[in-house]
S.K.: 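Take this structure first; my questions come after.
Just so we're on the same page: letters track the sequence lines, and every chain starts at 1. Just so we're clear, the structure is a prediction, and the values are computed from it rather than from any experiment.
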Protein chains: 2
Amino acid sequence: MPNVTERLTPRAREIVEAARELLEQEGAEGLTMRRLAEQLGIRAPSLYKHVPDKATLEVAIIATGLEDLAAALDAAVEGAAEPLAALTVAYRTFALSRPHLYRLMTDRPLPREHLPAGLEDRAAAPLLRAAGNPTRARAIWAFAHGMVLLEVSRRFPPGADLGPAWQEGITAFQADASRSSRKVGTE
Amino acid sequence: MPNVTERLTPRAREIVEAARELLEQEGAEGLTMRRLAEQLGIRAPSLYKHVPDKATLEVAIIATGLEDLAAALDAAVEGAAEPLAALTVAYRTFALSRPHLYRLMTDRPLPREHLPAGLEDRAAAPLLRAAGNPTRARAIWAFAHGMVLLEVSRRFPPGADLGPAWQEGITAFQADASRSSRKVGTE
DNA sequence: GTCTATAGTGGGATAGAC
DNA sequence: GTCTATCCCACTATAGAC
């Protein structure tokens with residue numbers, strides 16, 4: 001299983017695209033080779049002429065998701081007055097608009113050996129820049145990730161207003177940023 | 001499917017206990033009625049004399065996990081000089097020592113109708129007290145939840161030192177707490 | 001409380017023809 | 001590039017005997 005997004009035949013690309021749609025409509029359990037074939041109007045065994053197995057297909061889906069995330073975050077910081085706030089909003093929007101893809105992307109260790117080189121770094125770069133150092137970037141990522149997952153898993157009490165909670169975290173980390181840059185500069 | 005932890009026969013309790021162990025050893029996919037029976041030295045159909053179905057069993061597992069979490073957090077705050085720091089440490093310890101149970105507890109909406117009354121509130125109370133208001137409690141919870149999940153999913157870069165990231169978040173929210181209590185008091 | 005037998009469903013994947 | 005036929009696996013759950 002070599003790098004996945006590269007050297008994908010056009011037909012394979014269509015299959016990955018259909019798989020993403022199916023995943024989003026039906027969730028991870030609904031993503032089966034049989035249903036995917038059905039969505040494409042073919043039989044399941046035909047898929048194996050274009051994709052070696054289901055695991056490879058999932059890696060390809062994850063790769064497209066990371067590409068999209070990187071693009072969304074890049075667009076969000078561009079010329080933003082408050083990069084941290086802009087990034088968290090974009091991150092939340094990304095995740096809530098494709099919750100099942102987001103889960104697939106974060107549920108498991110990244111299949112780094114099978115991802116295009118530099119992709120993970122590209123997706124992480126905007127936040128790393130806004131946060132100033134890896135430690136703060138990780139803390140802020142964790143906050144956003146936790147908010148998003150608790151939101152899509154509907155684990156907060158029903159009716160909880162989450163806007164203020166997001167704002168609370170953003171404010172806390174912004175203040176922390178100025179305080180810690182006074183103290184230690186960048187890491 | 002009525003409230004689950006109450007009115008469990010002794011044999012049913014043993015089954016739930018074995019299920020928790022199996023879950024932790026094998027992960028959520030390894031928790032099947034067949035394997036559970038095997039662990040107990042019986043056949044799968046025999047389980048159904050004691051437990052109505054698998055969904056009920058999962059709810060019972062979640063309930064025991066919430067009980068344990070509530071107890072761990074209560075113990076952590078008791079007499080702690082820095083309740084917020086103590087709580088995050090206890091939360092992390094809880095989750096990392098039973099990652100699959102933790103996932104099961106947070107993956108999906110809480111089955112509130114089938115949980116003992118007040119259990120969710122009991123588990124949430126220590127953080128709510130330490131945070132001062134629900135909004136901040138939610139933000140801090142999200143931070144801890146995100147850290148824990150990224151940690152157990154091994155999504156951080158390999159070798160990343162996560163102690164500083166935890167500290168960063170704790171510090172940020174502690175500072176935020178004093179600032180916002182000056183401004184608005186409790187919610 | 002446990003068993004055997006079994007129903008019913010659905011999954012990933014391969015062989016080989018067209 | 002797609003098909004049919006098929007294998008083999010695993011799962012939840014029920015019926016009914018002991």
Side-chain angles (χ1 to χ4, degrees), chain A residues 1-2 4-63 100-101 103-104 107-108 111 114, chain B residues 1-2 4-63 100-101 103-104 107-108 111 114:
Chain A
M1 191 162 68
V4 157
T5 333
E6 300 145 28
R7 315 209 173 232
L8 236 45
T9 66
R11 187 54 170 150
R13 259 177 235 283
E14 291 171 12
I15 291 173
V16 173
E17 185 48 39
R20 255 185 76 151
E21 286 165 22
L22 180 59
L23 168 66
E24 216 44 61
Q25 287 161 14
E26 310 285 336
E29 284 142 42
L31 178 59
T32 71
M33 301 303 273
R34 279 150 143 84
R35 293 173 79 130
L36 174 56
E38 190 185 0
Q39 174 130 337
L40 285 158
I42 62 178
R43 306 288 171 176
S46 307
L47 295 169
Y48 292 88
K49 298 291 184 182
H50 306 99
V51 169
D53 53 31
K54 196 189 174 187
T56 302
L57 179 65
E58 286 178 345
V59 173
I61 295 171
I62 290 168
H100 289 114
L101 173 60
R103 268 208 157 90
L104 186 70
D107 247 9
R108 56 196 76 184
H114 304 118
Chain B
M1 190 163 66
V4 157
T5 333
E6 301 145 27
R7 313 210 174 233
L8 237 45
T9 66
R11 188 53 168 151
R13 259 178 234 284
E14 290 172 12
I15 291 173
V16 173
E17 186 48 40
R20 256 185 76 151
E21 285 166 22
L22 180 60
L23 168 67
E24 216 44 60
Q25 287 162 14
E26 310 285 336
E29 284 143 43
L31 178 58
T32 71
M33 300 305 270
R34 278 150 144 77
R35 293 171 80 128
L36 175 56
E38 191 184 0
Q39 174 130 337
L40 285 158
I42 61 178
R43 306 288 172 179
S46 307
L47 295 169
Y48 292 88
K49 299 290 185 183
H50 306 98
V51 169
D53 54 32
K54 195 189 176 188
T56 302
L57 180 64
E58 286 178 345
V59 173
I61 295 171
I62 291 169
H100 290 114
L101 173 61
R103 269 208 156 89
L104 185 70
D107 248 8
R108 57 196 74 184
H114 304 119

S.K.: Measure the spacing between CG of L36(A) and CD1 of I42(A) and express it to the nearest 0.5 Å.
M.R.: 7.5 Å

S.K.: Categorize R34(A) for me: base, sugar-phosphate, or nothing, with a 4.0 angstrom heavy-atom threshold over every strand shown.
M.R.: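 Touches a base.
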
S.K.: Is it the case that the side chain of E24(B) and the backbone of L101(B) share a donor-acceptor pair, with hydrogens and angles ignored and the cut-off at 3.5 Å?
M.R.: yes

S.K.: For R43(A), does the CZ atom have more than 12 heavy-atom neighbours from other residues, nucleotides or ligands under 6.0 Å away?
M.R.: no

S.K.: Heavy atoms only, 4.0 Å cut-off, all strands: where does K54(A) land among base, sugar-phosphate and nothing?
M.R.: sugar-phosphate

S.K.: Set out, in order, the CA-CA distance, both residues' side-chain angles and the distance that settles side chain to side chain contact (heavy atoms under 4.5 Å, CB included) for L57(A) and M33(A), then state yes or no.
M.R.: CA-CA 10 Å; L57(A) 179 65; M33(A) 301 303 273; 4.2 Å; yes

S.K.: Checking side chain to side chain contact (heavy atoms under 4.5 Å, CB included) against E26(B), which of R35(B), E21(B), H100(B) comes through?
M.R.: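 One option only clears the test, and that one is R35(B).
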
S.K.: Starting at atom CZ of R43(B), determine the distance to atom C1' of dC11(D), rounded to an integer number of angstrom.
M.R.: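 Rounded to whole Å, this separation is 17 Å.
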
S.K.: For DNA chain C, which nucleotides open and close the run of contacts to chain A, 5' to 3', at under 4.0 angstrom from a non-hydrogen atom?
M.R.: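 Here the contact window of chain A covers dG11(C) to dG16(C).
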
S.K.: Using heavy-atom distances to pick each residue's nearest nucleotide on DNA chain C, tell me which of K49(A) and E29(A) is more 5'.
M.R.: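 Nearest-nucleotide comparison on DNA chain C picks E29(A).
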
S.K.: Regarding S46(A), tell me which of base, sugar-phosphate or nothing describes its non-hydrogen contacts under 4.0 Å with the strands shown.
M.R.: base

S.K.: Got a second to check how far L47(B)'s CG is from R34(B)'s CZ, nearest 0.5 Å?
M.R.: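 Reported value, rounded in 0.5 Å steps: 11.5 Å.
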
